[in-house]
Every structure is written in C-alpha cells, then in structure tokens.
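Take a look at the structure set out below.
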There are 2 protein chains.
Amino acid sequence: MAANSRFAVAAHVLSLLHIHEGGRITSEYIAGSVNTNPVVVRRIMGMLNKAGLVQTSPGVAGATLARPIDEITLLDVYRAVQPEDGSLFAIHDNPNPDCRVGRNIQVTLDTAFTRAQQAMERELAGMTMEEVCLDIVNRP
Amino acid sequence: MAANSRFAVAAHVLSLLHIHEGGRITSEYIAGSVNTNPVVVRRIMGMLNKAGLVQTSPGVAGATLARPIDEITLLDVYRAVQPEDGSLFAIHDNPNPDCRVGRNIQVTLDTAFTRAQQAMERELAGMTMEEVCLDIVNRP
DNA sequence: CACGCCTGTAACTATAATGATCACAACTTA
DNA sequence: TAAGTTGTGATCATTATAGTTACAGGCGTG
C-alpha cells in the first residue's frame with residue numbers, strides 16, 4: 001500500500017458524486033464503494049475541496065461538484081491529490097560539482113524529465129471526468 | 001529519500017561511461033560523481049547490465065556500453081531501473097462489485113492511466129542518452 | 001432546543017519502498 | 001600471490017501511504 005492510489009480513489013469519489021448527483025451520499029457510503037475507511041475518503045474529499053473541485057460543508061452529508069463534470073479533467077484530479085512538488089521523477093542531490101557530468105546532470109535531466117511529465121499531463125488534460133463516468137455507466 | 005532517483009542516477013552513470021569511454025572508471029569513482037555509495041552504483045549498474053544496456057564483468061573495473069549511445073533512449077534507461085510492474089499510477093484494490101462504479105472503475109481508470117503513461121513513455125523514447133551527453137558537455 | 005448524524009482533523013500504527021552502509025565471497029590482473 | 005574490484009546479502013534509517021481510533025464542532029430534524 002505504499003503505491004499512491006489517491007488519484008484513483010479521487011476519480012472514484014467524483015464519479016460517485018456525479019452519478020448520485022442530487023442525493024446525499026456520506027463518506028461512509030463512498031468508503032463502502034471504494035472499499036476503504038471513511039476517514040480516507042474524507043481526507044481525499046478535503047483535497048478535492050481545497051482544489052476547488054467539490055464543495056463540502058462540515059456536518060452535512062453529500063458534497064457537490066463545484067464544476068460541471070465535463071469541465072473537470074483528469075489532470076485537475078491528479079494535481080488535486082498530489083501534495084508533493086508534483087515531480088514525477090526525482091533527481092539525486094548534491095552531485096559532484098568538480099565533475100562536468102555531476103555539475104550539469106541536474107539541469108539536463110530536469111529538462112528531459114519535464115518534457116516527459118508534460119506529455120503525461122497533456123494526455124490527462126485531454127480526458128474529462130465526464131468521459132470516465134460515461135465509460136463506467138456504459139459497462140454492465 | 002523515498003522518492004525514486006534511480007532513473008536519474010542511471011542516466012548519470014551512463015553519461016559517465018560514455019564520456020570516459022575507453023577508460024576504466026570504478027564504481028567508487030562513479031559514486032564520487034553521483035555523491036552516493038559505491039554499492040548503490042553497483043546495484044544500478046547491475047540493473048543496466050540485466051537490461052542489456054551495459055556490459056560488466058565481476059572483478060574488473062570499467063563497464064562498457066552495450067549499444068551505441070545514440071541507440072539508448074531514456075525509455076530504455078527508465079525501464080531498466082523500474083523493478084515494479086511499471087505502472088505509473090496505482091488503482092485501489094477490491095472496490096465494491098455491488099456498486100456500478102466500484103464494479104467498473106478499475107477497467108475504466110486502467111484505460112485512462114495507460115494512455116497517460118504511454119504518452120510519457122513516447123516522450124522518453126524520443127530522447128537518447130546521446131542528447132543527454134551532448135547537453136552536458138555543452139554546458140560550462 | 002436537544003439529539004443524532006456527519007464532517008474535519010489530529011494522532012497513532014503498520015507496511016512498503018528507497019537509499020546508505022557493512023561485510024564478504026568471488027573474480028581479475030599486475 | 002596480493003591488491004583491487006565487482007556482485008550481493010543483510011541491516012538500518014527515512015519517508016510515504018493507508019488504515020484506524022478518537023473527538024471536537026457543525027447541521028438538521030424531530
């Protein structure tokens with residue numbers, strides 16, 4: 001469970017909120033669908049709330065989507081639940097500045113890694129939660 | 001240090017091997033440039049060896065590139081040092097099969113996540129270690 | 001208004017990945 | 001043979017994540 005499944009859980013939560021729109025589903029109900037603990041759901045809903053994707057109110061069940069479902073991209077969801085600096089790849093610290101490779105490797109790799117990450121993010125930005133929900137309801 | 005910097009270290013190692021081609025650099029020398037422990041370097045060289053990117057011999061210093069530097073892509077390097085199943089994003093286990101969302105979320109997200117990962121990998125596949133080395137030596 | 005339900009959070013635990021380090025067997029070469 | 005090197009197992013510290021308990025505070029219905 002060290003792998004980061006928050007992205008997937010967040011997409012799951014948003015799908016449920018959309019499909020049950022109007023109703024009032026509790027974190028306990030959502031947790032039952034995700035198969036996890038209600039607190040985990042509330043934590044992720046908190047991140048989605050901070051990111052402006054949903055609106056929640058303390059004490060009242062049933063968060064609402066803060067935006068039309070077709071205006072929430074997977075990139076929005078991904079970024080909402082990434083607390084770190086958002087870098088997909090890490091670069092080792094303090095390479096030897098007395099070595100030409102050590103001196104320049106960080107800048108060089110940062111450029112390359114950024115390109116790769118942006119390609120991934122462009123793809124995520126091209127998919128919306130509406131498509132995800134449609135795909136879900138069109139399956140048996 | 002939980003972030004995975006093996007990809008960056010592997011690129012660093014390959015750059016050193018190319019730039020010092022013909023010479024015999026030890027894992028200790030490489031570790032000095034990377035700023036880590038020689039054992040860490042040897043382990044990563046072992047993965048590069050298994051992936052067919054370098055050739056090493058027990059007891060003898062100075063691994064050699066197993067392929068021309070311009071035929072080693074960053075995707076090759078990335079894959080060489082990813083021991084896991086290679087998935088960029090994790091999906092939570094055992095969602096509730098009695099719920100339409102829980103029943104289908106895994107397949108749906110797997111499709112979307114695969115698309116994003118493939119976009120990233122295509123970008124990595126478009127960059128070679130030759131370009132990385134050129135960029136390094138062209139810097140002060 | 002009182003009670004019950006729900007959210008938001010802090011605190012703690014368990015698990016896993018990673019990197020650093022020590023130790024040592026096996027191999028190469030001078 | 002001796003020195004140096006690789007390959008690898010074992011251990012430890014650090015960190016991220018998820019699961020869980022506990023509880024303060026908000027909300028709404030009776």
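Below, read A as the first sequence line, B as the second, and so on, with proteins coming before strands; counting in each chain starts at 1. What you see below is based on every heavy atom in this structure, not just the backbone, and it leaves out hydrogens, waters and symmetry mates.
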Contact under 4.0 Å: [X] side-chain N or O vs [N] OP1/OP2:
X       : N      : result
A:Ser27 : C:dC6  : no
B:Ser5  : C:dG19 : yes
B:Thr56 : D:dT6  : no

Tell me which nucleotide among C:dT18, C:dT21, D:dT20 gets nearest to the side chain of B:Val40.
C:dT21

For atom [atom1] of [X] and atom [atom2] of [N], their distance in whole Å:
X       : N      : atom1 : atom2 : value
B:Phe7  : C:dG19 : CZ    : P     : 13 Å
A:Leu48 : C:dT7  : CG    : P     : 14 Å
B:His92 : C:dT15 : NE2   : C1'   : 19 Å
B:Ile25 : D:dT6  : CD1   : C1'   : 14 Å
A:Asn49 : C:dT7  : CG    : P     : 13 Å
A:Asp85 : D:dT15 : CG    : P     : 15 Å
A:Met45 : C:dC6  : CE    : P     : 13 Å
B:Ile44 : C:dT18 : CD1   : P     : 11 Å

Below 4.0 angstrom, N of the basic side chain to O of the carboxylate: do B:Asp98 and B:Arg103 qualify?
no

Considering non-hydrogen atoms only, spot the tightest contact between [X] and [Y] and give its length.
X        : Y        : value
B:Ile91  : A:Ser5   : C-CB, 4.3 Å
A:Gln106 : A:Asp93  : NE2-CA, 4.1 Å
A:Thr73  : A:Ala125 : CG2-O, 3.5 Å
A:Asn49  : A:Val54  : OD1-O, 3.0 Å

Reading nucleotides 8-13 of chain D from the 5' end, what letters show protein touch, with B for base, S for backbone sugar-phosphate only, - for no heavy atom under 4.0 Å?
BBB---

Check: A:Tyr29 main-chain N/O paired with A:Thr26 side-chain donor or acceptor under 3.5 Å:
yes

Side chain of B:Thr128, backbone of B:Glu131: donor and acceptor closer than 3.5 Å?
yes

Could you give the side-chain donor-acceptor pairs of residues 31-43 of chain B under 3.5 Å, partners two or more places apart or in another chain?
from	atom 1	to	atom 2	distance (Å)
B:Ser33	OG	B:His12	NE2	2.8
B:Asn35	ND2	A:Asn94	O	3.0
B:Asn37	OD1	B:Val39	N	3.0
B:Arg42	NE	B:Ser27	OG	3.1

So, with a heavy-atom separation below 4.0 Å from DNA chain C, the residues of residues 102-109 of chain A are none

Just to be sure I understand the geometry, which residues of residues 29-37 of chain A put a non-hydrogen atom under 4.0 Å away from DNA chain C?
none

May I ask you to test the [X]-[Y] pair for a side-chain heavy-atom distance under 4.5 Å?
X        : Y        : value
B:Glu71  : B:Met129 : no
A:His18  : A:Ile72  : no
A:Val101 : B:Ile19  : yes

Within the sub-3.5 Å range, which N or O atoms of nucleotides 27-30 of chain D have a protein N or O partner, and how far apart are they?
none

Taking salt bridge (charged side-chain N to carboxylate O under 4.0 Å, His left out) as the definition, give me every residue that meets it alongside B:Arg79, ordered by chain and number, with sequence neighbours left out.
B:Glu121

Below 30° counts as parallel, above 60° as perpendicular, anything between as tilted: where do the rings of A:Phe7 and B:Phe113 land?
parallel

Roughly how far, to the nearest 0.5 Å, is the CD atom of B:Glu123 from the CD atom of A:Gln118?
8.5 Å

